[in-house]
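Worksheet: one structure, shown below.
Here is how names work: the chains are called A, B, and so on, in the same order as the sequence lines, proteins then strands, and each is numbered from 1. Note that the structure is predicted; figures quoted are calculated from it, not measured.
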Amino acid sequence: MPELPEVETVRRGIEPHLVGRRVKAVRARRADLRWPIPVQDLQALRGQTIHAVRRRAKYLLLDSAAGTVILHLGMSGTLRVLPADCPPGPHDHADLVLDDGSCLRLNDPRRFGCLLWQAAGGEHPLLAGLGPEPLGPDFDGAYLFARSRHRRGPVKAFLMDQTVVVGVGNIYAAEALFAAGIDPRRAAGRVGLSRYEALACAVRGILGQAIERGGTTLRDFLAPDGAPGYFEQELNVYGRAGQPCRRCGSTLRSLALAQRSTVFCPRCQH
DNA sequence: CATCGGACCTGTTAGC
DNA sequence: TGCTAACAGGTCCGAT
């Protein structure tokens with residue numbers, strides 16, 4: 001479900017309900033997500049005040065003085081803020097019970113997500129080695145160009161490599177490559193500086209717009225308040241294989257790249 | 001080091 | 001209508 005704009009939308013949705021709240025309890029009904037929920041370690045959260053809700057890459061980070069809760073929504077995770085006594089439904093795996101009678105509830109049918117704990121003073125291995133934020137100051141065309149030298153794999157896989165730049169998933173990679181006019185199959189090392197400048201610009205613009213629209217709702221993505229995302233209406237290639245290119249009218253093509261479906265315009269992208 | 005394939009899961013949709 | 005297969009927004013890990 002979530003790429004960076006969706007995770008950012010979730011962050012903005014839950015932040016006002018969490019910041020300043022004290023955690024009364026951590027409940028896990030089912031601990032076997034991508035990694036087991038460390039229920040014992042998470043007891044360190046009890047009595048702690050959440051002082052910030054951050055996002056790094058596609059991870060959500062809930063900060064307290066004792067440490068940080070690390071959440072990833074995988075492909076199918078959602079978070080909601082509900083009354084703590086609201087009966088749990090299927091796939092409602094864990095709750096953080098708060099001191100105002102509410103709880104933050106994690107639902108994840110596929111269980112590709114995770115809920116982890118990092119004690120204060122350390123950095124979790126999952127967060128080490130991540131590339132720069134695409135909306136931050138360290139990401140631009142020159143950076144992409146430098147990182148891509150001698151890389152033979154397709155530029156789409158390069159763009160989705162979280163050690164290169166974080167937050168760009170299958171939807172927005174396809175959209176950014178279309179906007180920049182780059183063939184997703186082209187070897188990353190054979191894309192020139194000026195085209196990487198266009199690509200970096202496209203990534204920033206598309207992610208920023210998607211955040212403004214509340215993310216992309218394809219199947220079931222909803223913000224924590226239940227609002228759908230409105231970026232779907234602006235997708236130019238993703239999910240449009242066989243349909244006409246909005247720019248030139250050619251039929252959009254689909255193929256698999258790095259085991260992910262990839263749609264592009266054979267006339268606009270080279 | 002870079003790249004590829006497999007693995008982890010369930011729910012929805014497309015096709016027969 | 002009903003069964004089955006393919007596919008889905010992610011990403012780690014081991015093999016090459």
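Checking side-chain atoms of Glu3(A) against main-chain N and O of Tyr172(A) turns up a donor-acceptor pair under 3.5 Å.
Following rounding to the nearest Å, Leu130(A) (CG) and dG10(C) (P) show an atom-to-atom distance of 14 Å. Here the C1' atom of nucleotide dG9(C) and the CG atom of Leu4(A) are 13 Å apart, to the nearest Å. Between Asp108(A) atom CG and dG9(C) atom P the separation is 15 Å, expressed in whole Å. Here the C1' atom of nucleotide dG10(C) and the CD atom of Glu6(A) are 12 Å apart, to the nearest Å. The separation between Met160(A) atom CE and dG9(C) atom C1' is 9 Å, rounded to whole Å. Rounded to whole Å, the distance from CG on Asp32(A) to P on dC8(B) is 13 Å. Taking atom CZ of Arg111(A) as the reference point, atom C1' of dA7(B) lies 14 Å away to the nearest angstrom. Between His124(A) atom NE2 and dT11(C) atom C1' there is a gap of 14 Å when expressed in whole angstrom units.
Sorted by first and then second residue, the ring pair (Phe, Tyr, Trp, His ring centres under 6.0 Å) pairs with a member in residues 82-119 of chain A form an empty list; sequence neighbours excluded. The salt bridge (Lys or Arg N to Asp or Glu O under 4.0 Å) analysis of residues 51-76 of chain A, with sequence neighbours excluded, yields the pairs Glu8(A)-Arg55(A), Arg54(A)-Asp63(A), Arg55(A)-Glu133(A), Arg56(A)-Glu133(A). Judged as a side-chain hydrogen bond (donor to acceptor under 3.5 Å, both in side chains), the pairs with a partner in residues 257-270 of chain A (not counting sequence neighbours) are, in order, Lys156(A)-Thr262(A). A salt bridge (Lys or Arg N to Asp or Glu O under 4.0 Å) check over residues 166-190 of chain A, counting only residues at least two apart or in different chains, returns the pairs Asp183(A)-Arg185(A).
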Task: Dot-bracket encoding of pairs in DNA chain C, which uses [ ] for pseudoknotted crossings and | for another strand, Watson-Crick or G-U under 3.5 angstrom - done: .|||||||.|||||||

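Salt-bridge formation is not detected for the pair Asp92(A)/Arg30(A): no Lys NZ or Arg NE/NH1/NH2 atom is positioned less than 4.0 Å from an Asp or Glu carboxylate oxygen. For Lys24(A) and Asp99(A), the salt-bridge test fails: no basic side-chain N is under 4.0 Å from an acidic carboxylate O.
Contacts of Ser254(A) classified as side-chain contact (heavy atoms from CB on, under 4.5 Å), with partners at least two apart in sequence or in another chain: Ala241(A), Val263(A). Remark: Phe139(A) engages Pro134(A), Tyr143(A), Leu144(A), Val165(A), Ala200(A), Val203(A), Arg204(A) in a side-chain contact (heavy atoms from CB on, under 4.5 Å) (not counting sequence neighbours). A search for side-chain contact (heavy atoms from CB on, under 4.5 Å) contacts involving Ala157(A) returns Pro154(A), Ala258(A), not counting sequence neighbours. For Arg27(A), the side-chain contact (heavy atoms from CB on, under 4.5 Å) partners are Arg29(A), Ala84(A), Asp95(A), Val97(A), Cys103(A), Arg105(A), not counting sequence neighbours.
Here Phe112(A) does not pack flat against the base of dT11(C), since the 5.5 angstrom centre distance and 30 degree tilt limits are not both met.
Distances shown here put every side-chain N or O of His91(A) at or beyond 4.0 Å from the OP1 or OP2 atom of dC9(B). A sub-4.0 Å separation between OP1 or OP2 of dG10(C) and a side-chain N or O of Ser76(A) is absent. Contact annotation: Tyr238(A) reaches the phosphate of dG9(C) (side-chain N/O to OP1 or OP2, under 4.0 Å).
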Distance-only donor-acceptor pairs under 3.5 Å for side chains of residues 46-53 of chain A, two or more places apart:
residue	atom	partner	partner atom	Å
Gln48(A)	OE1	Ala65(A)	N	3.3
Gln48(A)	OE1	Ala66(A)	N	3.0

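When distances run from any side-chain atom of Leu126(A) to the nucleotides dC12(C), dG10(C), dC9(B), the shortest one goes to dC12(C). Among dG9(C), dT10(B), dG10(C), the nucleotide with an atom closest to any side-chain atom of Pro109(A) is dT10(B).
On the P atoms, dG6(B) is 15 Å away from dC7(C), given to the nearest whole Å. A gap of 23 Å separates the C1' atoms of dC12(C) and dG11(B), to the nearest Å.
Comparing Asn170(A) and Tyr59(A) by the nucleotide of DNA chain C that holds the closest heavy atom to each, the one mapping nearer the 5' end is Asn170(A).
At a cut-off of 3.5 angstrom, the base of dC9(B) holds at least one donor-acceptor pair with the side chain of Arg110(A).
Two residues are said to be in side-chain contact when any heavy atoms from C-beta on lie closer than 4.5 Å; Val7(A) and Leu60(A) meet this criterion.
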- [ ] Classify every nucleotide of nucleotides 1-6 of chain B by which part a protein heavy atom approaches to under 4.0 Å, writing B for the base, S for the sugar-phosphate alone and - for neither, in 5'-to-3' order.
- [x] --S-BB

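Contact annotation for Arg34(A): base contact, defined as any heavy-atom pair under 4.0 Å involving a base atom.
Within residues 176-184 of chain A, no residue approaches DNA chain C, by heavy-atom distance under 4.0 Å.
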